[in-house]
Amino acid sequence: MSWRFLRDVLSGVSQYSTGVGRIWLVVLFMFRLLVYVAAAENIWKNEHDEFECNTKQPGCENVCFDHFFPVSHTRLWALQLIVVSTPSLLVVFHVVYRENREKRHSLKLYRTPGDIDGGLLCTYLLSLVLKTGLEVVFLALFYKLHNGFQIPHLVQCDIRPCPSTVDCYISKPTEKMIFLRFLVATSCLCILLNLSELSYLIFKYAIKHS
């Protein structure tokens, strides 16, 4: 999967971001995207093939794997990274609109185009609210689908066509657990950064117009 387009979009947003917003971009790229591409994706690469149950009953391993991992960790993380970055497109579109409006009128309509003010401030605040909400939704979804933020060494399955309760073993559980906790922690850090930036901008706006 190519992440070039996502990188280019977010790089364009950085010039309109506050210091906290730039830290969010660093966390997203350095501690989430690069870790996902360089390490996590490879660790979960053969998760289905390496999932083993102590039975030869045809179909048992497949239904057990589907029960405990209804959505792949890596696919859910990839979707999360894309979706939580999408609200930044609102800022990009607004900036393009401003630039086109200035060209159309052949005037400098905005005193400092690089500043977050007016309608752009509202768009930026909306993007922060959406990013924060989406992060929370994905964490809750992940927790719900995988019964918490744990990678057990052993799971027991009694779903048909398994003949009885069988033991199923997950490959590299400790290594997966380390990366799982890291990615969840960085997601929580991004939520904290978004809330901090949101509070800062609202406080700054309130002081400016008080």
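Here the structure is a predicted model, which means the values were calculated and not measured.
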Under a 4.5 Å side-chain heavy-atom rule over Ile, Leu, Val, Met, Phe, Trp and Tyr, are L81 and F182 clustered together? yes
* Distance flag, aromatic centroids of F142 and W77, threshold under 6.0 Å -> yes
- prompt: Above 12 or not: heavy atoms from other molecules or residues under 6.0 Å from CZ of F31?
  reply: no
- Same apolar cluster: V137 and W24, side chain cutoff 4.5 Å: no
One should read off an interatomic distance between N54 CG and C60 SG, to the nearest 0.5 angstrom, of 8.5 Å
Separation between CH2 (W44) and OG (S171), nearest 0.5 Å, reads 9.5 Å
Grouping ILVMFWY residues whenever side-chain heavy atoms fall under 4.5 Å, the cluster of L130 otherwise contains L90, L126
key: 4.5 Å side-chain heavy-atom contact, R181 and Q150   = yes
So CG of L25 and CG of L33: to nearest 0.5 Å the spacing works out to 11.5 Å
Sorted by chain and number, sequence neighbours left out, side-chain contact (heavy atoms from CB on, under 4.5 Å) with L189 holds for V27, L193
Side chain to side chain donor-acceptor pair (under 3.5 Å) pairs touching residues 127-141, sequence neighbours excluded, are R32-E135, Q80-E135, E135-S187
- Verify side chain to side chain contact (heavy atoms under 4.5 Å, CB included) between T86 and L89, making sure each step is shown before the conclusion. CA-CA 6 Å; T86 300; L89 286 173; 4.0 Å; yes
Taken to the nearest 0.5 Å, the spacing of L134 CG from I191 CD1 works out to 10.0 Å
Quick note, salt bridge (charged side-chain N to carboxylate O under 4.0 Å, His left out) partners involving residues 138-151, not counting sequence neighbours, are none
Here the gap from I202 atom CD1 to L121 atom CG, rounded to the nearest 0.5 Å, amounts to 8.5 Å
Check your understanding: What about the rings of Y143 and F149, do their centers lie closer together than 6.0 Å?
Key -> yes
Original post:
Do L198 and L192 sit in the same hydrophobic cluster, where Ile, Leu, Val, Met, Phe, Trp and Tyr count as joined when their side-chain heavy atoms come under 4.5 Å apart?
Top reply: no
| message | Measuring only between side-chain heavy atoms, which start at C-beta, is V20 closer than 4.5 Å to Y200? | response | no
Between side-chain atoms of residues 151-165 and protein atoms elsewhere (two or more places apart, or another chain), which donor-acceptor pairs fall under 3.5 Å?
unit_1, atom_1, unit_2, atom_2, d
Q156, NE2, D167, OD1, 3.1

Output side-chain donor-acceptor pairs under 3.5 Å for residues 61-76, partner residues at least two apart or in another chain, one line each.
unit_1, atom_1, unit_2, atom_2, d
E61, OE2, C53, N, 3.1
N62, OD1, H48, NE2, 3.1
S72, OG, E47, OE2, 2.8
S72, OG, T74, N, 3.4
S72, OG, T74, OG1, 3.0

So SG of C190 and CG of N194: to nearest 0.5 Å the spacing works out to 6.5 Å
Practice item. For E50 and Y169, test the side chains for any donor-to-acceptor distance below 3.5 angstrom and give the result as yes or no. Key: no
